[in-house]
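The structure appears below as C-alpha coordinates.
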Amino acid sequence: MCGIIGIVAKNNVNQDLYDGLTVLQHRGQDAAGIVTYDDNRLHLRKGNGLVKDVFSTTDMMRLQGNMGIGHVRYPTAGSSSSAEAQPLYVNSPYGIALAHNGNLTNAHELKEEIYKQDLRHLNTDSDSEVLLNVFAHEIQTSHKLRINEEDVFNAISAVHKRCRGAYASVAMITGYGIVGFRDPNGIRPVVYGKRNTSSGIEYCIASESVALDVQGFDLIDDIKPGEAVIITAEGNVYTHQCADNPRYNPCIFEHVYFARPDSIIDKISVYKARLRMGEKLAGKIMKTYPDHDIDVVMPIPDTSRSSALELANSLGVRYREGFIKNRYIGRTFIMPGQKQRKSSVKQKLNAMELEFKGRNVLLVDDSIVRGTTSNQIVKMAREAGAKKVYFASASPAVKYPNVYGIDMPSPEEFVAHNRSTDEIAQEIDADWLIYQDLEDLIQSCHRGNKKITQFDCSVFDGKYVTGDIDQNYLYQIDQRRNDNAKQHNLFGENEILDIHNSD
(Lines give C-alpha, C1' and ligand atoms only; values in the text may rest on other atoms or scores of the structure.)
Protein backbone atom coordinates (compact mmCIF):
# COMPACT_ATOMS: atom_id res chain seq x y z
CA MET A 1 0.00 0.00 0.00
CA CYS A 2 1.26 3.45 -0.89
CA GLY A 3 0.17 7.06 -0.97
CA ILE A 4 0.42 9.35 -4.00
CA ILE A 5 -0.01 13.08 -4.53
CA GLY A 6 0.43 15.56 -7.36
CA ILE A 7 -0.05 19.34 -7.36
CA VAL A 8 -0.15 22.02 -10.05
CA ALA A 9 -0.05 25.47 -8.45
CA LYS A 10 0.85 29.08 -9.07
CA ASN A 11 3.68 29.08 -6.53
CA ASN A 12 6.18 26.57 -5.18
CA VAL A 13 4.55 23.23 -4.35
CA ASN A 14 7.32 21.76 -2.18
CA GLN A 15 5.66 22.54 1.16
CA ASP A 16 2.22 21.42 -0.03
CA LEU A 17 3.61 18.13 -1.30
CA TYR A 18 5.44 17.60 1.99
CA ASP A 19 2.31 18.36 4.01
CA GLY A 20 0.22 16.11 1.77
CA LEU A 21 2.61 13.20 2.20
CA THR A 22 2.60 13.71 5.96
CA VAL A 23 -1.20 13.37 5.95
CA LEU A 24 -0.85 10.21 3.82
CA GLN A 25 1.92 8.78 6.03
CA HIS A 26 -0.43 6.04 7.29
CA ARG A 27 -0.34 4.56 3.78
CA GLY A 28 3.41 4.01 3.87
CA GLN A 29 6.17 4.41 6.44
CA ASP A 30 9.03 2.73 4.59
CA ALA A 31 10.09 5.39 2.07
CA ALA A 32 9.11 8.79 0.73
CA GLY A 33 9.91 10.92 -2.30
CA ILE A 34 9.12 14.19 -4.07
CA VAL A 35 9.98 15.41 -7.54
CA THR A 36 9.28 18.98 -8.71
CA TYR A 37 9.61 20.78 -12.03
CA ASP A 38 11.15 24.23 -12.36
CA ASP A 39 12.65 26.04 -15.33
CA ASN A 40 13.16 22.92 -17.46
CA ARG A 41 14.75 20.99 -14.61
CA LEU A 42 13.45 18.22 -12.37
CA HIS A 43 14.46 18.16 -8.71
CA LEU A 44 14.14 14.78 -7.00
CA ARG A 45 14.59 13.73 -3.41
CA LYS A 46 13.69 10.27 -2.13
CA GLY A 47 14.87 7.83 0.50
CA ASN A 48 13.93 5.27 3.10
CA GLY A 49 12.14 6.48 6.21
CA LEU A 50 9.27 8.68 7.33
CA VAL A 51 8.51 11.93 5.52
CA LYS A 52 9.93 14.00 8.37
CA ASP A 53 13.21 12.06 8.21
CA VAL A 54 13.71 11.95 4.45
CA PHE A 55 13.41 15.70 3.77
CA SER A 56 15.73 18.20 5.40
CA THR A 57 15.42 21.97 5.13
CA THR A 58 18.16 21.93 2.50
CA ASP A 59 16.29 19.29 0.51
CA MET A 60 13.08 21.31 0.63
CA MET A 61 14.84 24.44 -0.61
CA ARG A 62 16.11 22.50 -3.62
CA LEU A 63 12.65 21.18 -4.49
CA GLN A 64 11.64 24.30 -6.38
CA GLY A 65 8.79 24.54 -8.88
CA ASN A 66 5.07 25.10 -9.31
CA MET A 67 4.38 21.48 -10.27
CA GLY A 68 5.35 18.21 -8.61
CA ILE A 69 4.39 14.75 -7.42
CA GLY A 70 5.12 12.75 -4.26
CA HIS A 71 4.91 9.23 -2.87
CA VAL A 72 5.03 7.31 0.41
CA ARG A 73 5.68 3.57 0.40
CA TYR A 74 5.39 0.72 2.84
CA PRO A 75 7.49 -2.45 2.53
CA THR A 76 6.57 -4.64 -0.42
CA ALA A 77 7.62 -8.07 -1.62
CA GLY A 78 11.26 -8.11 -2.66
CA SER A 79 13.80 -5.39 -2.07
CA SER A 80 13.16 -2.33 0.06
CA SER A 81 16.21 -0.40 -1.12
CA SER A 82 15.80 3.27 -1.94
CA ALA A 83 16.36 2.44 -5.61
CA GLU A 84 12.71 1.40 -5.55
CA ALA A 85 11.56 4.44 -3.59
CA GLN A 86 9.32 6.63 -5.72
CA PRO A 87 8.74 8.74 -7.75
CA LEU A 88 10.57 6.91 -10.54
CA TYR A 89 11.85 8.68 -13.65
CA VAL A 90 12.64 8.03 -17.32
CA ASN A 91 14.16 10.68 -19.56
CA SER A 92 12.56 9.48 -22.80
CA PRO A 93 10.24 10.75 -24.07
CA TYR A 94 10.07 14.29 -22.71
CA GLY A 95 11.08 13.27 -19.17
CA ILE A 96 8.39 11.49 -17.16
CA ALA A 97 8.21 10.87 -13.40
CA LEU A 98 5.61 8.55 -11.89
CA ALA A 99 4.25 7.52 -8.48
CA HIS A 100 2.11 4.40 -8.23
CA ASN A 101 -0.12 2.71 -5.67
CA GLY A 102 -1.07 -0.89 -6.42
CA ASN A 103 0.43 -3.94 -8.07
CA LEU A 104 0.60 -5.17 -11.66
CA THR A 105 -0.34 -8.82 -11.82
CA ASN A 106 1.27 -9.33 -15.25
CA ALA A 107 4.50 -7.50 -14.46
CA HIS A 108 6.64 -10.52 -15.40
CA GLU A 109 5.26 -10.70 -18.94
CA LEU A 110 5.48 -6.93 -19.31
CA LYS A 111 9.15 -6.94 -18.35
CA GLU A 112 9.89 -9.20 -21.32
CA GLU A 113 7.80 -7.01 -23.64
CA ILE A 114 9.56 -3.87 -22.45
CA TYR A 115 12.98 -5.38 -23.15
CA LYS A 116 12.27 -7.28 -26.38
CA GLN A 117 9.65 -5.08 -28.05
CA ASP A 118 9.85 -1.62 -26.50
CA LEU A 119 13.68 -1.77 -26.32
CA ARG A 120 13.73 -0.27 -22.85
CA HIS A 121 15.86 -1.07 -19.82
CA LEU A 122 14.53 -1.69 -16.30
CA ASN A 123 16.80 -0.87 -13.40
CA THR A 124 14.79 -2.27 -10.47
CA ASP A 125 12.40 -5.11 -9.65
CA SER A 126 9.59 -2.64 -9.05
CA ASP A 127 6.36 -3.11 -11.00
CA SER A 128 5.98 0.66 -10.74
CA GLU A 129 8.99 1.00 -13.05
CA VAL A 130 7.23 -1.40 -15.40
CA LEU A 131 4.12 0.79 -15.41
CA LEU A 132 6.23 3.90 -15.97
CA ASN A 133 8.01 2.38 -18.96
CA VAL A 134 4.80 1.09 -20.52
CA PHE A 135 3.29 4.56 -20.23
CA ALA A 136 6.46 6.19 -21.58
CA HIS A 137 6.60 3.83 -24.55
CA GLU A 138 2.95 4.36 -25.44
CA ILE A 139 3.21 8.13 -25.26
CA GLN A 140 6.34 8.00 -27.40
CA THR A 141 4.36 6.42 -30.23
CA SER A 142 2.85 9.85 -30.89
CA HIS A 143 6.26 10.83 -32.38
CA LYS A 144 5.68 14.49 -31.55
CA LEU A 145 7.97 17.14 -30.18
CA ARG A 146 5.02 18.62 -28.30
CA ILE A 147 2.14 16.45 -27.10
CA ASN A 148 -1.47 17.32 -26.33
CA GLU A 149 -4.21 15.79 -24.19
CA GLU A 150 -5.35 13.44 -26.96
CA ASP A 151 -1.88 11.91 -27.12
CA VAL A 152 -1.85 11.36 -23.36
CA PHE A 153 -5.32 9.82 -23.32
CA ASN A 154 -4.37 7.49 -26.19
CA ALA A 155 -1.28 6.41 -24.27
CA ILE A 156 -3.30 5.63 -21.15
CA SER A 157 -5.83 3.67 -23.23
CA ALA A 158 -2.90 1.56 -24.43
CA VAL A 159 -1.67 1.17 -20.85
CA HIS A 160 -5.07 -0.22 -19.87
CA LYS A 161 -4.84 -2.76 -22.70
CA ARG A 162 -1.36 -3.93 -21.66
CA CYS A 163 -1.40 -3.72 -17.86
CA ARG A 164 -3.44 -5.88 -15.51
CA GLY A 165 -3.90 -5.52 -11.79
CA ALA A 166 -4.26 -2.43 -9.62
CA TYR A 167 -2.80 0.99 -10.32
CA ALA A 168 -3.76 4.40 -9.06
CA SER A 169 -1.02 6.61 -10.45
CA VAL A 170 0.09 10.17 -10.86
CA ALA A 171 2.67 11.06 -13.51
CA MET A 172 4.41 14.32 -14.32
CA ILE A 173 5.40 15.00 -17.91
CA THR A 174 8.19 17.57 -18.03
CA GLY A 175 6.99 20.93 -19.26
CA TYR A 176 3.47 19.66 -19.94
CA GLY A 177 1.62 18.84 -16.74
CA ILE A 178 0.41 16.13 -14.39
CA VAL A 179 -1.86 13.20 -15.20
CA GLY A 180 -3.71 10.96 -12.75
CA PHE A 181 -5.12 7.63 -13.90
CA ARG A 182 -6.74 4.56 -12.38
CA ASP A 183 -7.03 0.93 -13.46
CA PRO A 184 -10.31 -0.19 -15.13
CA ASN A 185 -11.50 -1.90 -11.92
CA GLY A 186 -10.80 1.10 -9.68
CA ILE A 187 -9.18 -1.13 -7.07
CA ARG A 188 -6.99 1.54 -5.45
CA PRO A 189 -8.39 4.97 -4.54
CA VAL A 190 -7.45 8.34 -6.05
CA VAL A 191 -9.26 11.69 -6.00
CA TYR A 192 -8.71 15.22 -7.29
CA GLY A 193 -9.71 18.70 -6.20
CA LYS A 194 -9.09 22.42 -6.59
CA ARG A 195 -8.62 25.54 -4.48
CA ASN A 196 -8.91 29.22 -5.23
CA THR A 197 -5.96 31.40 -4.30
CA SER A 198 -5.10 35.04 -4.89
CA SER A 199 -2.79 33.85 -7.68
CA GLY A 200 -5.41 31.66 -9.37
CA ILE A 201 -6.90 28.16 -9.28
CA GLU A 202 -4.65 25.30 -8.15
CA TYR A 203 -5.22 21.55 -8.42
CA CYS A 204 -4.29 18.45 -6.45
CA ILE A 205 -4.52 14.70 -7.11
CA ALA A 206 -4.13 12.38 -4.10
CA SER A 207 -4.84 8.89 -2.79
CA GLU A 208 -7.36 10.12 -0.22
CA SER A 209 -9.59 13.17 0.12
CA VAL A 210 -8.07 14.03 3.50
CA ALA A 211 -4.89 15.15 1.70
CA LEU A 212 -7.05 17.70 -0.13
CA ASP A 213 -9.04 18.79 2.92
CA VAL A 214 -6.12 19.74 5.13
CA GLN A 215 -4.65 22.01 2.44
CA GLY A 216 -7.83 23.80 1.48
CA PHE A 217 -8.62 21.92 -1.73
CA ASP A 218 -12.27 21.22 -2.46
CA LEU A 219 -12.97 17.68 -3.64
CA ILE A 220 -14.07 17.62 -7.27
CA ASP A 221 -14.47 13.87 -7.73
CA ASP A 222 -12.85 10.47 -7.58
CA ILE A 223 -10.90 9.49 -10.64
CA LYS A 224 -13.23 6.81 -11.91
CA PRO A 225 -12.12 3.32 -12.95
CA GLY A 226 -10.29 3.58 -16.27
CA GLU A 227 -10.45 7.38 -16.23
CA ALA A 228 -7.57 9.82 -16.66
CA VAL A 229 -7.38 13.43 -15.46
CA ILE A 230 -4.86 15.83 -16.99
CA ILE A 231 -3.88 19.09 -15.31
CA THR A 232 -1.58 21.09 -17.54
CA ALA A 233 1.14 23.38 -16.24
CA GLU A 234 -1.08 26.30 -17.24
CA GLY A 235 -3.95 24.99 -15.10
CA ASN A 236 -6.21 23.54 -17.79
CA VAL A 237 -8.09 20.36 -16.79
CA TYR A 238 -9.11 17.53 -19.12
CA THR A 239 -10.82 14.25 -18.23
CA HIS A 240 -11.48 11.19 -20.38
CA GLN A 241 -12.60 7.59 -19.96
CA CYS A 242 -9.72 5.56 -21.39
CA ALA A 243 -10.86 1.98 -20.73
CA ASP A 244 -13.18 -0.11 -22.89
CA ASN A 245 -15.07 -1.85 -20.08
CA PRO A 246 -14.54 -0.01 -16.79
CA ARG A 247 -16.30 -1.20 -13.64
CA TYR A 248 -16.18 -0.33 -9.97
CA ASN A 249 -14.47 -3.02 -7.90
CA PRO A 250 -12.74 -1.00 -5.15
CA CYS A 251 -10.75 -2.75 -2.43
CA ILE A 252 -12.93 -3.17 0.65
CA PHE A 253 -9.85 -3.45 2.89
CA GLU A 254 -9.31 0.29 2.39
CA HIS A 255 -12.42 0.86 4.51
CA VAL A 256 -11.48 -1.82 7.02
CA TYR A 257 -7.91 -0.79 7.73
CA PHE A 258 -5.88 1.45 5.47
CA ALA A 259 -7.79 4.65 4.80
CA ARG A 260 -8.10 7.44 7.35
CA PRO A 261 -11.60 7.73 8.85
CA ASP A 262 -11.87 11.35 7.73
CA SER A 263 -11.47 10.38 4.06
CA ILE A 264 -14.20 10.01 1.46
CA ILE A 265 -13.37 7.22 -0.99
CA ASP A 266 -15.60 6.62 -4.03
CA LYS A 267 -18.21 8.79 -2.31
CA ILE A 268 -18.19 6.51 0.74
CA SER A 269 -17.35 8.03 4.12
CA VAL A 270 -14.77 5.74 5.69
CA TYR A 271 -15.89 6.86 9.15
CA LYS A 272 -19.55 6.07 8.55
CA ALA A 273 -18.69 2.73 6.93
CA ARG A 274 -16.78 1.77 10.08
CA LEU A 275 -19.68 2.86 12.28
CA ARG A 276 -21.94 0.56 10.28
CA MET A 277 -19.40 -2.27 10.68
CA GLY A 278 -19.73 -1.89 14.45
CA GLU A 279 -23.53 -1.87 14.24
CA LYS A 280 -23.55 -5.03 12.12
CA LEU A 281 -21.07 -6.74 14.42
CA ALA A 282 -23.20 -5.92 17.47
CA GLY A 283 -26.16 -7.55 15.75
CA LYS A 284 -24.17 -10.74 15.21
CA ILE A 285 -23.02 -10.78 18.84
CA MET A 286 -26.64 -10.45 20.03
CA LYS A 287 -27.65 -13.41 17.85
CA THR A 288 -24.67 -15.57 18.79
CA TYR A 289 -24.38 -14.63 22.48
CA PRO A 290 -27.79 -13.22 23.51
CA ASP A 291 -26.92 -13.67 27.18
CA HIS A 292 -23.43 -12.21 26.95
CA ASP A 293 -21.79 -10.86 30.10
CA ILE A 294 -19.67 -8.13 28.47
CA ASP A 295 -18.96 -5.33 30.96
CA VAL A 296 -16.99 -3.02 28.68
CA VAL A 297 -16.03 -2.64 25.01
CA MET A 298 -12.50 -1.48 24.16
CA PRO A 299 -10.94 -0.70 20.78
CA ILE A 300 -7.43 -1.70 19.82
CA PRO A 301 -6.17 1.70 18.60
CA ASP A 302 -6.57 3.28 16.20
CA THR A 303 -8.44 1.93 13.18
CA SER A 304 -11.07 -0.01 15.13
CA ARG A 305 -12.16 2.92 17.30
CA SER A 306 -15.17 3.93 15.16
CA SER A 307 -16.48 0.36 14.90
CA ALA A 308 -15.97 -0.31 18.60
CA LEU A 309 -17.82 2.84 19.62
CA GLU A 310 -20.89 2.00 17.55
CA LEU A 311 -20.75 -1.63 18.68
CA ALA A 312 -20.81 -0.54 22.32
CA ASN A 313 -23.70 1.84 21.67
CA SER A 314 -25.70 -0.87 19.90
CA LEU A 315 -25.08 -3.38 22.70
CA GLY A 316 -25.83 -0.82 25.40
CA VAL A 317 -22.45 -1.55 27.00
CA ARG A 318 -19.88 0.92 28.32
CA TYR A 319 -17.15 2.02 25.91
CA ARG A 320 -13.70 2.64 27.36
CA GLU A 321 -10.21 3.34 26.07
CA GLY A 322 -8.16 0.68 27.79
CA PHE A 323 -5.03 0.83 25.66
CA ILE A 324 -2.83 3.87 25.19
CA LYS A 325 -0.90 3.88 21.95
CA ASN A 326 2.67 5.01 21.38
CA ARG A 327 2.24 6.90 18.12
CA TYR A 328 5.89 6.59 17.21
CA ILE A 329 5.66 2.86 16.49
CA GLY A 330 4.65 1.67 13.03
CA ARG A 331 1.92 -0.80 12.08
CA THR A 332 2.99 -4.25 13.23
CA PHE A 333 1.62 -6.54 10.51
CA ILE A 334 3.86 -4.71 8.05
CA MET A 335 7.01 -5.61 9.98
CA PRO A 336 9.18 -8.25 8.29
CA GLY A 337 9.49 -10.93 10.98
CA GLN A 338 7.64 -12.51 13.88
CA LYS A 339 10.36 -11.59 16.38
CA GLN A 340 10.15 -7.89 15.48
CA ARG A 341 6.34 -7.95 15.65
CA LYS A 342 6.25 -9.59 19.08
CA SER A 343 8.83 -7.25 20.57
CA SER A 344 7.01 -4.18 19.21
CA VAL A 345 3.57 -4.81 20.73
CA LYS A 346 4.38 -3.69 24.29
CA GLN A 347 6.26 -0.72 22.92
CA LYS A 348 3.19 0.15 20.85
CA LEU A 349 0.42 -0.32 23.44
CA ASN A 350 0.11 0.01 27.20
CA ALA A 351 -2.89 -1.38 29.11
CA MET A 352 -4.47 0.73 31.86
CA GLU A 353 -5.16 -1.62 34.78
CA LEU A 354 -7.91 0.68 36.08
CA GLU A 355 -10.11 -0.12 33.07
CA PHE A 356 -9.50 -3.89 33.00
CA LYS A 357 -9.41 -5.10 36.60
CA GLY A 358 -12.31 -7.41 37.48
CA ARG A 359 -14.18 -6.85 34.21
CA ASN A 360 -15.30 -8.99 31.27
CA VAL A 361 -13.79 -7.11 28.35
CA LEU A 362 -14.66 -7.22 24.65
CA LEU A 363 -11.66 -6.14 22.57
CA VAL A 364 -12.42 -4.91 19.06
CA ASP A 365 -9.92 -4.82 16.22
CA ASP A 366 -10.37 -3.95 12.56
CA SER A 367 -8.98 -7.32 11.40
CA ILE A 368 -6.80 -10.24 12.44
CA VAL A 369 -3.97 -11.21 10.11
CA ARG A 370 -1.21 -13.25 11.73
CA GLY A 371 -2.77 -13.17 15.17
CA THR A 372 0.57 -12.35 16.78
CA THR A 373 -0.51 -8.90 17.91
CA SER A 374 -3.95 -10.16 18.97
CA ASN A 375 -2.41 -12.82 21.19
CA GLN A 376 -0.09 -10.33 22.86
CA ILE A 377 -2.92 -7.85 23.43
CA VAL A 378 -5.17 -10.49 25.01
CA LYS A 379 -2.26 -11.41 27.27
CA MET A 380 -1.82 -7.76 28.24
CA ALA A 381 -5.55 -7.51 29.07
CA ARG A 382 -5.35 -10.55 31.32
CA GLU A 383 -2.22 -9.25 33.04
CA ALA A 384 -4.08 -5.97 33.65
CA GLY A 385 -6.71 -7.90 35.61
CA ALA A 386 -9.51 -8.70 33.14
CA LYS A 387 -11.72 -11.61 34.31
CA LYS A 388 -12.63 -12.67 30.78
CA VAL A 389 -11.34 -11.41 27.44
CA TYR A 390 -13.54 -11.65 24.37
CA PHE A 391 -12.37 -10.59 20.90
CA ALA A 392 -14.27 -9.21 17.91
CA SER A 393 -13.01 -8.47 14.40
CA ALA A 394 -14.80 -5.78 12.38
CA SER A 395 -13.96 -7.77 9.24
CA PRO A 396 -14.14 -11.46 8.29
CA ALA A 397 -11.22 -13.85 8.70
CA VAL A 398 -8.27 -12.99 6.44
CA LYS A 399 -7.53 -16.22 4.58
CA TYR A 400 -6.17 -15.33 1.16
CA PRO A 401 -3.24 -13.27 -0.14
CA ASN A 402 -3.76 -9.81 -1.56
CA VAL A 403 -2.31 -9.39 -5.04
CA TYR A 404 -3.34 -5.78 -5.65
CA GLY A 405 -0.82 -3.83 -3.60
CA ILE A 406 -1.23 -4.88 0.04
CA ASP A 407 1.86 -6.87 0.93
CA MET A 408 0.25 -9.29 3.37
CA PRO A 409 2.21 -12.32 4.55
CA SER A 410 2.23 -15.84 3.20
CA PRO A 411 -1.22 -17.48 3.68
CA GLU A 412 0.39 -20.13 5.89
CA GLU A 413 1.26 -17.30 8.29
CA PHE A 414 -2.39 -16.21 8.60
CA VAL A 415 -3.82 -17.29 11.93
CA ALA A 416 -7.03 -18.29 10.09
CA HIS A 417 -5.11 -20.69 7.81
CA ASN A 418 -6.72 -24.14 8.28
CA ARG A 419 -8.24 -23.10 11.63
CA SER A 420 -11.86 -22.77 12.74
CA THR A 421 -13.03 -19.70 14.65
CA ASP A 422 -12.87 -21.64 17.92
CA GLU A 423 -9.33 -22.77 17.12
CA ILE A 424 -8.31 -19.18 16.35
CA ALA A 425 -9.80 -18.09 19.69
CA GLN A 426 -7.61 -20.66 21.40
CA GLU A 427 -4.59 -19.50 19.41
CA ILE A 428 -4.99 -15.89 20.54
CA ASP A 429 -6.11 -17.01 24.05
CA ALA A 430 -9.54 -15.30 23.88
CA ASP A 431 -12.55 -16.70 25.77
CA TRP A 432 -14.48 -16.38 22.55
CA LEU A 433 -13.93 -14.77 19.16
CA ILE A 434 -16.42 -13.40 16.68
CA TYR A 435 -15.83 -12.26 13.10
CA GLN A 436 -17.88 -9.92 10.94
CA ASP A 437 -19.84 -11.70 8.21
CA LEU A 438 -18.65 -10.77 4.71
CA GLU A 439 -22.13 -9.81 3.56
CA ASP A 440 -22.48 -7.44 6.52
CA LEU A 441 -19.11 -5.87 5.72
CA ILE A 442 -20.13 -5.35 2.10
CA GLN A 443 -23.44 -3.80 3.16
CA SER A 444 -21.63 -1.47 5.56
CA CYS A 445 -19.66 -0.01 2.66
CA HIS A 446 -22.34 -0.36 -0.03
CA ARG A 447 -24.74 1.89 1.87
CA GLY A 448 -22.35 4.78 1.28
CA ASN A 449 -22.54 4.45 -2.51
CA LYS A 450 -25.18 2.12 -3.88
CA LYS A 451 -23.81 2.47 -7.41
CA ILE A 452 -20.90 0.25 -6.40
CA THR A 453 -22.29 -3.27 -6.74
CA GLN A 454 -19.07 -5.24 -6.21
CA PHE A 455 -16.00 -4.78 -4.02
CA ASP A 456 -12.69 -6.56 -4.20
CA CYS A 457 -12.94 -8.83 -1.15
CA SER A 458 -10.20 -11.22 -2.23
CA VAL A 459 -8.42 -11.38 1.15
CA PHE A 460 -11.66 -12.75 2.61
CA ASP A 461 -13.17 -14.85 -0.20
CA GLY A 462 -10.25 -15.60 -2.56
CA LYS A 463 -12.10 -14.13 -5.56
CA TYR A 464 -9.80 -11.89 -7.62
CA VAL A 465 -11.68 -9.31 -9.65
CA THR A 466 -9.14 -9.13 -12.49
CA GLY A 467 -9.75 -12.80 -13.29
CA ASP A 468 -6.10 -13.56 -14.07
CA ILE A 469 -4.84 -15.05 -10.79
CA ASP A 470 -3.95 -18.76 -10.73
CA GLN A 471 -2.20 -21.04 -8.25
CA ASN A 472 1.17 -20.54 -9.92
CA TYR A 473 0.94 -16.78 -9.44
CA LEU A 474 -0.08 -17.21 -5.80
CA TYR A 475 2.84 -19.59 -5.26
CA GLN A 476 5.29 -17.07 -6.70
CA ILE A 477 4.16 -14.21 -4.45
CA ASP A 478 4.12 -16.58 -1.48
CA GLN A 479 7.83 -17.21 -2.01
CA ARG A 480 8.51 -13.48 -1.87
CA ARG A 481 6.28 -12.69 1.09
CA ASN A 482 7.12 -15.25 3.74
CA ASP A 483 9.06 -14.05 6.76
CA ASN A 484 12.31 -15.68 5.68
CA ALA A 485 12.32 -13.70 2.43
CA LYS A 486 11.60 -10.46 4.26
CA GLN A 487 14.68 -10.73 6.42
CA HIS A 488 16.82 -9.70 3.44
CA ASN A 489 17.40 -6.26 1.92
CA LEU A 490 15.66 -4.30 4.68
CA PHE A 491 17.77 -1.17 4.40
CA GLY A 492 18.99 1.00 1.54
CA GLU A 493 20.77 4.25 0.93
CA ASN A 494 18.98 7.57 0.37
CA GLU A 495 19.14 9.32 -2.95
CA ILE A 496 19.18 12.95 -3.94
CA LEU A 497 19.36 13.83 -7.61
CA ASP A 498 18.95 16.75 -9.97
CA ILE A 499 17.76 15.70 -13.42
CA HIS A 500 18.28 18.21 -16.19
CA ASN A 501 16.05 18.23 -19.21
CA SER A 502 16.84 20.41 -22.21
CA ASP A 503 14.89 21.03 -25.36
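The figures here come from the full heavy-atom set of this structure, side chains too, leaving out hydrogens, waters and symmetry mates. Everything numeric here is computed off the predicted structure, so don't read it as measured data.
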How about [X]: does its [atom1] atom have over 12 heavy atoms from other parts shown lying under 6.0 Å from it?
X	atom1	result
E150	CD	no
K144	NZ	yes
Y271	OH	no
N472	CG	yes

[atom2] on [Y] to [atom1] on [X], rounded to 0.5 Å:
X	Y	atom1	atom2	result
Q454	K463	CD	NZ	9.0 Å
I139	I156	CD1	CD1	7.5 Å
Q15	L63	CD	CG	10.5 Å
H137	L132	NE2	CG	13.5 Å
C204	L212	SG	CG	5.0 Å
M60	N14	CE	CG	4.5 Å

Is it true that [X] and [Y] make a salt bridge, defined as a side-chain N closer than 4.0 Å to a carboxylate O?
X	Y	answer
R164	E109	yes
D221	K267	yes
R120	E113	no
R195	D218	no
K325	D302	yes
K194	E202	no
D59	R62	no
D118	K111	no

Within a strict 4.5 Å, meaning less than it, do heavy atoms of the [X] and [Y] side chains meet?
X	Y	value
P225	N185	no
L438	C457	yes
I178	I69	yes
I187	T466	yes
T232	I230	yes
L88	H71	no
I34	L44	no
S444	L275	no

Is a side-chain donor or acceptor of [X] paired with a backbone partner of [Y] at a separation under 3.5 angstrom?
X	Y	value
N133	E129	yes
Y464	Y404	no
Q241	A243	yes
S169	H100	no
S207	I4	yes
H255	C445	no
Q25	V51	yes
Y203	F217	no
N148	D151	yes
S307	S304	no

Worked check of side-chain hydrogen bond (donor to acceptor under 3.5 Å, both in side chains) between S126 and E84: CA-CA 6 Å; S126 170; E84 295 187 8; 5.0 Å; no
Closest heavy-atom contact between [X] and [Y]?
X	Y	result
G102	D127	O-OD2, 4.0 Å
L441	S395	CD2-CB, 4.3 Å
S269	K272	OG-N, 3.1 Å
F253	V459	CD1-CG2, 4.1 Å
I5	D16	CD1-O, 4.5 Å
I173	V152	CD1-CG2, 4.1 Å

CA sep, side-chain torsions, deciding dist, call: D266, R182, salt bridge (charged side-chain N to carboxylate O under 4.0 Å, His left out): CA-CA 12 Å; D266 295 315; R182 193 177 185 188; 3.0 Å; yes
is_close_aromatic(F181, H240), centroid dist under 6.0 Å: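 Not under 6.0 Å, so no.
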Pair F455 and Y248, ring centroids less than 6.0 Å apart: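 No, ring centres 6.0 Å or more apart.
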CA sep, side-chain torsions, deciding dist, call: Q140, V90, side-chain contact (heavy atoms from CB on, under 4.5 Å): CA-CA 12 Å; Q140 193 165 19; V90 290; over 6 Å; no
Trace of the side-chain contact (heavy atoms from CB on, under 4.5 Å) decision for Y475 with Q479: CA-CA 6 Å; Y475 174 78; Q479 295 307 297; 3.4 Å; yes
Result of checking N12, D39, V13 against Q64 for side-chain contact (heavy atoms from CB on, under 4.5 Å):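 So, applying the side-chain contact (heavy atoms from CB on, under 4.5 Å) to Q64 and each of N12, D39, V13, only N12 qualifies.
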Step-by-step side-chain contact (heavy atoms from CB on, under 4.5 Å) determination, L122 to I114: CA-CA 8 Å; L122 297 176; I114 288 168; 4.3 Å; yes
side-chain hydrogen bond (donor to acceptor under 3.5 Å, both in side chains) between H26 and Y257, worked out: CA-CA 10 Å; H26 62 285; Y257 178 75; over 6 Å; no
Salt bridge (charged side-chain N to carboxylate O under 4.0 Å, His left out) between D244 and K161, worked out: CA-CA 9 Å; D244 293 333; K161 290 179 172 65; 3.7 Å; yes
H108 versus Y473, side-chain donor and acceptor atoms under 3.5 Å: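 Looking only at side-chain atoms, H108 and Y473 do not form any donor-acceptor pair under 3.5 Å.
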Evaluation steps, side-chain contact (heavy atoms from CB on, under 4.5 Å), between E208 and R27: CA-CA 10 Å; E208 296 183 31; R27 300 188 67 85; 2.7 Å; yes
